[in-house]
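Notes follow once the structure below has been shown.
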2 protein chains.
Amino acid sequence: MIPNQPFRPAPVTARDKLLEAAVKLIRSQGYAGTSVEQLCVEAGVTKGAFFHHFSSKEALGVAAAEYWSASTGQFFANAPYHQLEDPVERVLGYIDLRIALIGGPVETFSCVAGTMVQEAFRTSAAIRAACEASIAGNAAALESDIEAALVQCGIDDVKASSLALHVQTVIQGGFVLAKAGGGADMARDALIHLKRYFEMLFKRGES
Amino acid sequence: MIPNQPFRPAPVTARDKLLEAAVKLIRSQGYAGTSVEQLCVEAGVTKGAFFHHFSSKEALGVAAAEYWSASTGQFFANAPYHQLEDPVERVLGYIDLRIALIGGPVETFSCVAGTMVQEAFRTSAAIRAACEASIAGNAAALESDIEAALVQCGIDDVKASSLALHVQTVIQGGFVLAKAGGGADMARDALIHLKRYFEMLFKRGES
DNA sequence: TGCAAAATACCGACCGGTTGGTATGTTGAC
DNA sequence: GTCAACATACCAACCGGTCGGTATTTTGCA
């Protein structure tokens with residue numbers, strides 16, 4: 001129903017296989033909790049291949065965040081909600097899509113960047129920056145739609161950039177609560193509250 | 001201004017010192033990224049003391065979550081916002097208090113349970129459960145006020161339990177974004193949006 | 001009250017396995 | 001033949017955890 005990796009091509013090179021393994025293992029074990037050897041076994045390659053493509057484990061972490069960012073960015077860029085005429089509907093359509101993507105075990109819909117940055121924000125500046133770029137990229141992709149919706153509704157006391165980041169905040173928070181035991185339902189509930197927030201905000205402007 | 005540990009007594013026994021060290025190190029390095037030896041050095045005790053008080057590193061993780069839960073629970077139980085008469089004001093007062101607690105480096109205001117559960121939810125059922133209890137406990141402490149506010153405003157299409165958990169969701173998400181680079185401002189912004197959500201929700205019921 | 005015994009708190013050297021990382025091949029396409 | 005893409009073998013440091021032992025406190029009984 002909801003495929004784990006609906007937007008990524010089948011990996012062919014050892015590098016791709018390692019990045020795919022990184023996404024899978026980091027999602028369920030975290031960055032520090034995943035060893036280089038585990039990554040190699042999961043990817044079906046040897047340690048030599050690993051250090052041929054990545055100068056260190058940290059470099060793999062950075063590359064995984066960038067890989068994740070590119071994959072998700074492409075997926076949302078091609079999503080159909082962009083074609084809705086009403087910018088308000090586009091924003092709500094994005095949230096609906098995020099809700100639809102949630103399902104199954106937490107590690108199949110959670111975020112690699114959010115997971116990694118929690119552990120590594122102090123120990124690795126490079127990983128932190130790569131994760132920030134990933135999350136900020138997701139926010140930026142939505143900001144213009146939010147901006148248009150705010151203008152249309154005559155709202156000027158809330159910034160589009162702040163709202164775009166708040167969407168990411170609720171998504172990331174939903175993943176944390178889901179991991180704590182709430183599962184997919186919890187992550188969905190978070191986005192339903194977010195949608196209600198946006199609906200009330202946009203309606204407030206109309207009246 | 002905003003003390004890092006305003007509610008915890010000075011640790012005296014090796015066990016307390018280790019729990020205090022765990023809170024500090026897990027907040028800034030994560031659970032898997034923190035070694036037993038690091039914990040001992042930070043606490044100023046030896047490895048012998050560590051394994052005298054905790055049967056394993058995992059047991060320390062569980063105890064740290066419980067310690068964290070007890071400390072924060074006590075702090076919020078004694079907070080002055082409880083004395084406000086209007087339940088709506090009590091709920092908004094809680095959010096204001098959470099906003100006021102945010103400041104300085106991220107690792108001084110972030111959540112131990114949220115950090116740990118992100119990494120360990122699959123690898124340690126015990127840690128996952130302890131973190132869930134901590135987060136659910138925070139939510140439960142707010143649920144009765146939210147319930148009273150909803151009744152007062154005549155709102156029956158939103159559950160108090162769901163809203164209470166959503167508060168925790170936004171708090172946790174704010175920490176993730178703050179770690180990704182937004183810092184204290186980002187964590188505060190998240191709660192300002194949350195407060196606006198509650199204000200609109202309660203106002204909707206009044207009209 | 002005195003005092004031995006037992007429980008608790010703590011110490012630090014040590015162990016086997018795992019870690020991230022390296023040095024040195026081997027192979028196959030151009 | 002050259003060079004990128006791997007594979008194999010190996011290493012030193014570090015990891016969580018053990019163990020024999022000591023200092024301190026608590027307990028139980030005469």
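Quick note on labels: first sequence line is chain A, next is B, and so on, each numbered from 1.
Atoms NE2 (His52(A)) and P (dG21(C)) sit 17 Å apart, rounded to a whole Å. Between Leu25(A) atom CG and dG20(C) atom P there is a gap of 12 Å when expressed in whole angstrom units. Atom CD of Glu37(B) and atom P of dT19(C) are 17 Å apart (whole Å). In this structure, Glu58(A) places its CD atom 19 Å from P of dT19(C), rounding to the nearest Å. In this structure, CZ of Phe51(B) is placed 13 Å from C1' of dC14(C), rounded to the nearest angstrom. Remark: C1' of dC10(C) and NE2 of His53(B) are 7 Å apart, rounded to the nearest angstrom.
Looking only at atom types and distance, the side chain of Thr115(B) has a donor-acceptor partner in the side chain of Lys179(B) under 3.5 Å away. Side-chain contact, Glu58(B) with Ser124(B): a donor N or O sits under 3.5 Å from an acceptor N or O. There is no side-chain donor-acceptor pair under 3.5 Å between Tyr81(B) and Glu89(B).
Phe51(A) does not carry Lys57(A) over the face of its six-membered ring by the limits of under 6.0 Å from the centre and within 45° of the normal.
Taking every side-chain heavy atom of Lys47(B) into account, dA13(C) is the closest of dC11(C), dG21(C), dA13(C).
The environment of Glu37(A) atom CD is sparse: at most 12 non-hydrogen atoms of other residues, nucleotides or ligands sit within 6.0 angstrom.
With DNA chain C read from its 5' end, the first of the two nearest nucleotides for Gly48(A) and Val36(A) is the one closest to Val36(A).
Once you apply a 4.0 Å limit to the heavy atoms of chain B, the touched nucleotides of DNA chain D run 5' to 3' over dC15(D) to dT18(D).
Of the side-chain N and O atoms in Thr46(B), none sit less than 4.0 angstrom from OP1 or OP2 of dC10(C).
Residues in residues 126-144 of chain A take part in these side-chain hydrogen bond (donor to acceptor under 3.5 Å, both in side chains) pairs, two or more places apart or across chains: Arg128(A)-Glu132(A).
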